[in-house]
Amino acid sequence: MDIRFLGHAAFELFDGQRRVLIDPFITGNPRSPVGPGDLEPTTILLTHGHADHIGDTVDIAKRTGAPVVAVVELAGELGEEGVQTFDPNLGGTVELDWGWVRLVPAWHTSTTPKGTVSTPAGMVIRFGGRTVYHLGDTALFSDLALPGARDELDVALVCIGGHYTMDRHDAGTAAGLVGARTVIPCHYDTFPPIETDVEAFRADVESSTASDVIVLEPGASHSL
Ligand code: NI
Ligand code: MN
């Protein structure tokens, strides 16, 4: 299974056949390595409704027919725009032909550009024989340890940029709580308020936890 970083909090998971696209903020992302027309997802997953996560979701979903998994209120807005959706709430699991995705809590806010208020989420994703935990946009809280108590986590996708989410120091503590084999940092260096020292994050996590940190430049992939 390949994980390709598309900049900010956007990732594409690829099992050789199917593509799961997460938080596709492409247009307006100064560090996006692709255009929205380059993406051909099987399924789109959204952690929450902020513009830097919902991004190009509606256009990509309409063009490709890919269904979108999002928390119920956000799925409702997307459904009104003609997108096919799955609409779980926190704690709920959606079974798909490629695996499953479960919504878990994230401490953040979530209002869409159109004004829909919903609860933000993290996502635990079973795909390609691996389990990936995208933390979403979150502050540090101790329940970040709970997904790893249920499932062995191969990879955690962890926001580290501060200002809108936890910073690299709290993210280091979060990495210890999550306990994934590999940590891939995200949600940093896209805009000036979230610039951070990713190499310092890597050094802190690798010296204080059992996790390896893989730093991906936008466009780069990690295979596992
Ligand atoms: Ni956000
Ligand atoms: Mn964000």
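If you're wondering where the values come from, they're calculated on a predicted model, not measured in any experiment. All ligand and atom numbering here is 1-based and tracks the order in the structure. Quick note: residue numbers are just sequence positions, from 1.
- Side-chain contact check for T190 and R31: no donor-acceptor pair (N or O, by modelled atom type) lies under 3.5 Å.
- Restricting D52 to its N, O or S atoms, the one at the least distance from the Mn ion (ligand 2) is OD2.
- The Ni ion (ligand 1) lies at the vertex of an angle of 90° between the OD2 atom of D137 and the NE2 atom of H48 (rounded to 10°).
- With no hydrogens or angles considered, no side-chain donor-acceptor pair links S118 and E73 at under 3.5 Å.
- The angle that H50 ND1 and H108 NE2 make at the Ni ion (ligand 1), rounded to 10°, works out to 90°.
- Here H187 contributes NE2 and D137 contributes OD2, and at the Mn ion (ligand 2) these two atoms make an angle of 100°, given to 10°.
- T131 and D151 form no side-chain donor-acceptor contact under 3.5 Å, judged by distance and modelled atom types alone.
- At a threshold of 2.8 Å, the Mn ion (ligand 2) has a backbone or side-chain N, O or S atom of H53 nearer than that distance.
- No option in H163, H134, H8, H50 other than H8 meets the ring pair (Phe, Tyr, Trp, His ring centres under 6.0 Å) test with H187.
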- Message: Run F25 and H53 through ring pair (Phe, Tyr, Trp, His ring centres under 6.0 Å) and show every step you take.
- Response: CA-CA 5 Å; F25 169 51; H53 297 258; 7.8 Å; no
